[in-house]
Amino acid sequence: MPTDLLRPAIIRDVPRISEIVNSHAQLGKMLFKSFAQLYEDLRDFAVYERDGEVVGCVGVSIIWADMAEVRSLAVNSDYMGQGIGKKLVQWSIDETRRLGIRRLMSLTYEQTFFEKLGFAVVEKDTLPLKVWSDCVRCPKRDGCDEIAMVHELYDVPHITAPEAIPTPRGVSIPVLEHIED
Ligand SMILES: CC(C)(COP(=O)(O)OP(=O)(O)OC[C@H]1O[C@@H](n2cnc3c(N)ncnc32)[C@H](O)[C@@H]1OP(=O)(O)O)[C@@H](O)C(=O)NCCC(=O)NCCS
């Protein structure tokens with residue numbers, strides 16, 4: 001019997017997460033992640049281990065008070081179809097609930113997979129603008145064909161999410177007076 005473990009990611013998992021995510025990114029199935037992005041976002045991630053080897057990963061990123069996003073969901077191709085993706089998404093739903101966030105979204109090509117996990121297709125323009133911050137790094141940004149899906153956690157109370165306020169103006173750098181030697 002294989003020994004399976006789903007646990008929060010730690011720093012030594014990053015090379016393996018990169019390998020799994022980017023093997024699918026090369027096939028256009030998801031966004032490429034650099035080591036810098038993975039280190040920065042590592043606290044969002046969980047990994048799935050089989051017999052001590054990381055074979056899948058997922059991240060949950062907070063978008064706004066009432067919305068989180070499933071990011072970088074990937075299972076090593078040798079291990080697909082064994083229920084690992086489902087367990088990783090279930091972890092991301094539990095994590096969203098733990099955070100007190102009512103909706104979890106995904107931008108995906110895997111509509112049937114996510115439907116089986118309680119996600120429903122929504123119009124992209126119903127999502128907060130902040131969702132699209134990653135698009136600058138996406139080669140398909142001018143012709144996005146991903147499907148937007150949302151899982152609503154009905155047991156998490158609604159929250160009155162504040163409106164996004166305009167970014168405050170930057171502080172201007174004072175110009176030093178010219179000093180004669
Ligand atoms: C999508 C992905 C995470 C699914 O992981 P997985 O471990 O293969 O999926 P699971 O075995 O947990 O499947 C769960 C259920 O979804 C179904 N399913 C999985 N992939 C599916 C697909 N591509 N199309 C239709 N159904 C699918 C399974 O048959 C299973 O159904 P069941 O519960 O009725 O038996 C995996 O295929 C993957 O890493 N794909 C490449 C990267 C990617 O597309 N990531 C998603 C980015 S949003």
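Position 1 is the first residue of the sequence; numbering continues from there. All ligand and atom numbering here is 1-based and tracks the order in the structure. Values in this document were obtained by computation on a predicted structure and should not be read as measured data. Note that these values count all heavy atoms, side chains included, but never hydrogens, waters or copies made by symmetry.
Looking at atom 19 (C) of ligand 1, its nearest protein heavy atom turns out to be Phe113 CD1, 3.6 Å. With respect to atom 31 (O) of ligand 1, the closest heavy atom belonging to the protein is Lys116 NZ, 3.1 Å. Ranking protein heavy atoms by distance to atom 40 (N) of ligand 1, first place goes to Met80 CE, 3.6 Å. Protein heavy atom closest to atom 12 (O) of ligand 1, with residue, atom name and distance, is Lys86 N, 2.8 Å. Among all non-hydrogen protein atoms, the one lying nearest atom 8 (O) of ligand 1 is Gly81 N, 2.8 Å. When hydrogens are left out, the protein atom nearest atom 7 (O) of ligand 1 is Gly85 N, 2.8 Å; that is the closest non-hydrogen contact. Distance from atom 46 (C) of ligand 1 to its nearest protein heavy atom, with residue and atom name: Leu73 O, 3.6 Å. Atom 25 (C) of ligand 1 has Thr112 CB, 3.6 Å as its closest protein atom, hydrogens excluded (heavy atom only).
Each of the atoms 42 (C) of ligand 1 lies under 4.0 Å from some heavy atom of Met30. Residue Thr108 approaches ligand 1 through these ligand atoms, each under 4.0 Å from one of its heavy atoms: 48 (S). Distances below 4.0 Å separate heavy atoms of Gly83 from the following atoms of ligand 1: 10 (P), 11 (O), 12 (O). For ligand 1, the atoms sitting less than 4.0 Å from at least one non-hydrogen atom of Gln82 are 11 (O), numbered in the order shown with element in parentheses. The contact set between ligand 1 and Glu110, taken as ligand atoms under 4.0 Å from a residue heavy atom, comprises 1 (C), 22 (C), 23 (N), 24 (N), 44 (O). Taking every non-hydrogen atom of Ala74 and a distance limit under 4.0 Å, the qualifying atoms of ligand 1 come out as 39 (O).
Within 4.0 Å of atom 48 (S) of ligand 1, at least one protein heavy atom is present. Atom 2 (C) of ligand 1 lies below 4.0 Å from none of the non-hydrogen atoms of the protein.
Distances from ligand 1 to the non-hydrogen atoms of Leu107 include at least one value under 4.0 Å.
Taking distance alone, with nitrogen or oxygen atoms compared against 3.5 Å, Tyr79 stays at or beyond that limit from ligand 1. Considering backbone and side-chain N/O of Val75, one or more are found under 3.5 Å from N/O of ligand 1.
Between Ile20 and Val75, the shortest heavy-atom contact is CG2-C, 3.9 Å. Across every non-hydrogen atom of Leu6 and Ala46, the tightest pair is CD2-CB, 3.8 Å. The nearest pair of heavy atoms linking Phe114 to Ser106 is CZ-OG, 3.4 Å. The two residues Val60 and Ala68 come nearest to each other via the heavy atoms CG1-CB, 3.9 Å. When all heavy atoms of Leu31 and Val21 are compared, the pair lying nearest together is O-CG1, 3.7 Å.
The local environment of NZ in Lys86 is sparse, with at most 12 non-hydrogen atoms from other residues, nucleotides or ligands closer than 6.0 Å. Atom CD1 of Ile62 has 12 or fewer neighbouring heavy atoms from other residues, nucleotides or ligands inside a 6.0 Å radius.
Side-chain atoms of Trp91 and Arg7, non-hydrogen and from C-beta on, never get closer than 4.5 Å to each other. No side-chain heavy atom of Phe119 sits less than 4.5 Å from a side-chain heavy atom of Met105.
Among Asp78, Asp4, Thr3, the single residue meeting the side-chain hydrogen bond (donor to acceptor under 3.5 Å, both in side chains) criterion with Arg50 is Asp4.
The side chain to side chain donor-acceptor pair (under 3.5 Å) check on Asp155 picks up Arg97, with sequence neighbours excluded.
For residues 19-32, every residue pair satisfying the side-chain hydrogen bond (donor to acceptor under 3.5 Å, both in side chains) rule, not counting sequence neighbours, is listed here: Arg16-Glu19, Ser18-Asn22.
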